[in-house]
Protein chains: 2
Amino acid sequence: MDMNYSTFAASEQTGCPELCEACSARTISICKVLPHPELRRLADCGSVKSYAPGEHLIREGDASNNVFNITDGMVMLFRLLSDGRRQVLGFLLKGDFIGLTAGAEYDIGVLAMTRVQVCRFPRLPFRRLLLETPLLEQELLARASDELLSARTHLTLLGRKTAMERVCSFLLHLADREARLGGAPDLLFLPMTRTDIADYLGLTTETVSRSMSFLKRLKAVQLLDHGAVRILQRSQLVSLSENI
Amino acid sequence: MDMNYSTFAASEQTGCPELCEACSARTISICKVLPHPELRRLADCGSVKSYAPGEHLIREGDASNNVFNITDGMVMLFRLLSDGRRQVLGFLLKGDFIGLTAGAEYDIGVLAMTRVQVCRFPRLPFRRLLLETPLLEQELLARASDELLSARTHLTLLGRKTAMERVCSFLLHLADREARLGGAPDLLFLPMTRTDIADYLGLTTETVSRSMSFLKRLKAVQLLDHGAVRILQRSQLVSLSENI
DNA sequence: CGAACTATTGACTGCCATCAATTAGTGTGG
DNA sequence: CCACACTAATTGATGGCAGTCAATAGTTCG
């Protein structure tokens, strides 16, 4: 009986946490590499948080006490110069992880573009789990690799592409990513403002706007409501984007 | 006797490889985290290579068969657009590691700026060692983190800084790095051409040259032979660099 | 429906790119 | 060691792309 009970308890303990069962980001998050006991350990130290559009998940300079896994919505990473100029570093979606690079203080800000859901984990227990779980370490290294690759693509865009090429590259990049997450191909969403896009592309709002208008006149894209964009002629965009 | 012998052999096997004993980059390379047996295993699968200035260590698109540890000299990482425009992604020095991000093919080119010495390791055995050595995994993750951080700083420079700010940031960045490697503070070397610098900063040779001349006229820097530069007024550079 | 914000469009400016010519530096062979 | 050739760097003149300033149009949401 004792034996039965303890067996039952063990199986209970090694089961998938209820919270995670329902999580639609689970198969594309860092969690996917964790066996159930480790997943439970992670789930036990984390908590689900929700942010409204415009809310900060992280302010540059804050003590880096947490890491985040995005389970829904879109956030923007950015950095500020002392005079207020802003560089947007990227837009993250469901399944992306935040907190790889932090030292004692966050070196970037993170802002919710839409309503955002995350799993938030205190850094210390996360770090402890990380040190004891090589699979997680490997997963994070793979993600760091990917981020580095995409940062290099972004660098090339900022350093060497024209305004038009930047806008086309950006649209294609977002479309590809949404498609990979299961969205309709050639349909994408721009929940961010033209200013946010401009700060991502190293341009101004006006220049982004003019480029979009040009693409609209070409009938390469169609602007729908609420920032949705339909790509009508992908080939057109590709040839205007000078993609590597 | 047998016993003595095997003890001797074991101690021989766990000693530091002769090659590594003399290596001046050892304490600042990934090697520093490896205990002697693992270091020996790494040394056994690697080989020392030397490259002349202008030689390619890696061409973009090549099968990514090797990873590299720089033990001397300076290399340049870069990416090309199909029409020949080039973005320089960074300059690496002694102690830096190349090959973190590679998929099946290298996604960047690597060119020697000076005479360069590296330890070159075939990817597969390196990967095997990596999977069995969490300490190495951790070291690579830390380095990936650092690279990501520096890529983000670079992104901000390219997206939001003026020509003058870019040049000053670049000089300060190189000076800091040389100082950290034990060089004289406020003395730095530019073994790369103005074109290389321009491609790093998202500018043209002429603009880089004009900016340098301006700094010379300000007596903020002094140009010496063979691309050496002395920083005369660091504070001047800092205030012109709009550093974060 | 209307207020408030965001995007677009237009006119003009300026920074950096481009084109061109000169100067300086580097390496080589007589 | 010096003269020569070649490449790289600098400087100057001009142009163009994207930025700035300003006004209008369009969205979105209470």
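So you know, we letter chains A, B, ... as the sequences are listed, proteins then strands, and number each from 1. All values reported here derive from a predicted model rather than from experimental measurement.
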> B:L190 near the nucleic acid: base, sugar-phosphate alone, or nothing, with a heavy-atom cut-off under 4.0 Å?
Replying inline: nothing
>> Using a strict heavy-atom distance below 4.0 Å, which residues from residues 201-218 of chain A are in contact with DNA chain D?
In response: A:G202, A:L203, A:T204, A:E206, A:T207, A:R210
> Which atom pair, heavy atoms only, marks the closest approach of B:I108 to A:R152?
Replying inline: CD1-NH1, 3.7 Å
Got a list of protein N/O to nucleotides 21-23 of chain C N/O distances below 3.5 Å?
none

> Looking only at heavy atoms, what is the nearest atom pair of B:L187 and B:E178, with distance?
Replying inline: O-CB, 4.3 Å
>> Nearest whole Å is fine: how far is D:dA9 P from B:D225 CG?
In response: 14 Å
>> Classify the ring geometry of B:H56 against B:F78: parallel below 30°, tilted from 30° to 60°, perpendicular beyond 60°.
In response: perpendicular
> Do B:R86 and B:T195 come within less than 4.5 Å of each other through their side chains, counting heavy atoms only?
Replying inline: yes
Could you pull out every donor-acceptor pair under 3.5 Å between side chains of residues 209-217 of chain B and any protein atom, sequence neighbours left out?
from	atom 1	to	atom 2	distance (Å)
B:S211	OG	B:T207	O	2.8
B:S213	OG	B:S209	O	3.0

> For A:Y106 and A:N66, which heavy atoms make the closest approach, and how far apart are they?
Replying inline: OH-O, 2.6 Å
> Of all heavy-atom pairs between B:D96 and B:N69, which one has the smallest distance, and what is that distance?
Replying inline: O-OD1, 3.3 Å
> To the nearest Å, how far apart are B:R85 CZ and C:dA17 C1'?
Replying inline: 13 Å
> Atom NE2 of A:H226 and atom P of C:dT6: how far apart are they, to the nearest Å?
Replying inline: 15 Å
>> Just checking A:H226 against A:F189, ring centres under 6.0 Å apart?
In response: no
> Is the closest basic N to carboxylate O distance between B:R85 and A:E165 below 4.0 Å?
Replying inline: yes
> Who pairs with B:D225 by salt bridge (Lys or Arg N to Asp or Glu O under 4.0 Å), at least two apart in sequence or on another chain?
Replying inline: none
> Should the heavy atoms of other residues, nucleotides or ligands under 6.0 Å from CZ of B:R177 be counted, would the total exceed 12?
Replying inline: yes
> Does B:R160 come within less than 4.0 Å of A:D83, counting only side-chain N to carboxylate O?
Replying inline: no
>> Give the residues of residues 191-199 of chain A touching DNA chain C, defined as any heavy atom closer than 4.0 Å, sorted by residue number.
In response: A:T193, A:R194
> Of the residues in residues 153-175 of chain B, which ones touch DNA chain C at a heavy-atom distance under 4.0 Å?
Replying inline: B:T162, B:A163
> Looking at A:R115 and A:D72, does any basic side-chain N land under 4.0 Å from a carboxylate oxygen?
Replying inline: no
>> From CG of B:L223 over to C1' of D:dA8, roughly how many Å is that when rounded to an integer?
In response: 13 Å
